Amino acid sequence: MKEEAAERKEGKEELEINCPVCGENSVVRDYKRNIEVCDVCGRIVKEDIKDRGPEWRAFDQEGREKKSRAGPPSTETIHDKGLSTKIDYKDRDAKGNQLSPGKRQKIYRLRKWHKRGKVTDSKDRNLAFSLSELNRMASQLGLSKSVQEIAAKIYRKAVEEGLIRGRSMEGCASAALYAACREAEVPRTLEEVAESSRVDKKEISKSYRFIIRELDIHLPPTDPVRYVARFASELEISGETRVKAMEIIRKAQENGLTSGKSPTGTAAGAIYIATLMEGERRTQREVAESAGVTEVTVRNRYSEIVEELDEDIEA
DNA sequence: CGGAGTAAAAGGCACTT
DNA sequence: AAGTGACTTTTACTCCG
């Protein structure tokens, strides 16, 4: 337990406020190889690669099973926060010695009932279900544990405040995850979240709005720069071009071209321009598709930016 | 085909009753 | 909770090289 917490803490380095492109504040946010984002004025803001765990993939579908097997895969996002006493699986005593077979039997029984005792009331069951759902979605979206943690925290809070009454648990779980992505600046669009959820977009956004309002969570609009890495990698675009795209976005922001516009659209437009400038051309169609917007939107952002900044962005 | 552009429909958001 | 209005994005289509 204790080691876990310490480990997590150390894997998570410094998440001071953003430095779009080699801005100022070092934003080294590196969770144990899993997700690496923007370093000390250095290079690209790179995003997570899929969670490499065959563990949870294995038990996707069975929605109710997992209550009875609360052990291995999730470290901390467990309904009781993993804070309740837990009898671990190592079959060792406090000094780390192997237990005798007889003792093991005993411990086994203890574990069994211990677990059973934990998930009794409905609140906990609610949490257990939702958190495993959260887990499922998060890994499907290639999100790091830490995002999942945040999502779990939000969800838990929502439960405490009784905000999910009369609302679908899955919708709220999805909403919490979406919020967590934004909080962690590892954005996923509502569509993307919706795809991994069993609930539709509308439901999620309703729950989302409700939850953030009630919990008084204030999330600034997503920074388009945060999308660059992901979209660009889908388009197989070089690092230089990515950096270029981020610069363009920053300039566009300085000139007030981005407020009120969808961040994905802005990112798409900037990426398109960057590919032209760096001779790595992609069609509007391709860019639009990777960003999940239409070509028209790409064009609009593109022409807006070019018009306003054209000679400003050479070199 | 890729790009530029446009009008009209649709969607999302902030405010209002 | 539905209505309104300003605004962005999408849909669907045309025209150009």
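Everything numeric here is computed off the predicted structure, so don't read it as measured data. First the proteins, then the strands, lettered A, B, ... as listed; each starts at 1.
The ring pair (Phe, Tyr, Trp, His ring centres under 6.0 Å) check on F210(A) picks up nothing, with sequence neighbours excluded. Listed by chain and residue number, R285(A), E286(A) satisfy the side-chain contact (heavy atoms from CB on, under 4.5 Å) test with T283(A) (two or more places apart in sequence, or in another chain). With sequence neighbours excluded, no residue satisfies side chain to side chain donor-acceptor pair (under 3.5 Å) with K157(A). Take E192(A) and apply the salt bridge (charged side-chain N to carboxylate O under 4.0 Å, His left out) test, not counting sequence neighbours, and it matches R230(A). Evaluation of the side chain to side chain donor-acceptor pair (under 3.5 Å) rule for T297(A) yields T294(A) as partners, not counting sequence neighbours. Under the side-chain contact (heavy atoms from CB on, under 4.5 Å) criterion, S168(A) pairs with E170(A), V199(A), E203(A), sequence neighbours left out. Contacts of Y178(A) classified as ring pair (Phe, Tyr, Trp, His ring centres under 6.0 Å), with partners at least two apart in sequence or in another chain: Y208(A).
A ring-ring contact (aromatic ring centres under 6.0 Å, His included) check over residues 146-174 of chain A, counting only residues at least two apart or in different chains, returns nothing.
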Mind listing the side-chain donor-acceptor pairs of residues 262-274 of chain A below 3.5 Å, one per line with the distance, residues two or more places apart or on another chain?
unit_1  : atom_1 : unit_2  : atom_2 : d
S262(A) : OG     : T264(A) : OG1    : 3.4
S262(A) : OG     : G265(A) : N      : 3.0
T266(A) : OG1    : S262(A) : O      : 3.3

Under 4.0 Å protein heavy-atom contacts per nucleotide of nucleotides 2-11 of chain B, with B for base, S for backbone only and - for none: SSBBB-----
Identify all pairs in which a protein N or O lies below 3.5 Å from an N or O of nucleotides 13-17 of chain B, and state each distance.
unit_1  : atom_1 : unit_2  : atom_2 : d
dC13(B) : OP2    : R209(A) : NH1    : 2.5

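No side-chain donor-acceptor contact under 3.5 Å links E280(A) and T275(A).
First and last contacts of DNA chain C with chain A, using any nucleotide atom under 4.0 Å from a protein heavy atom and ordered 5' to 3', fall at dT8(C) to dA12(C).
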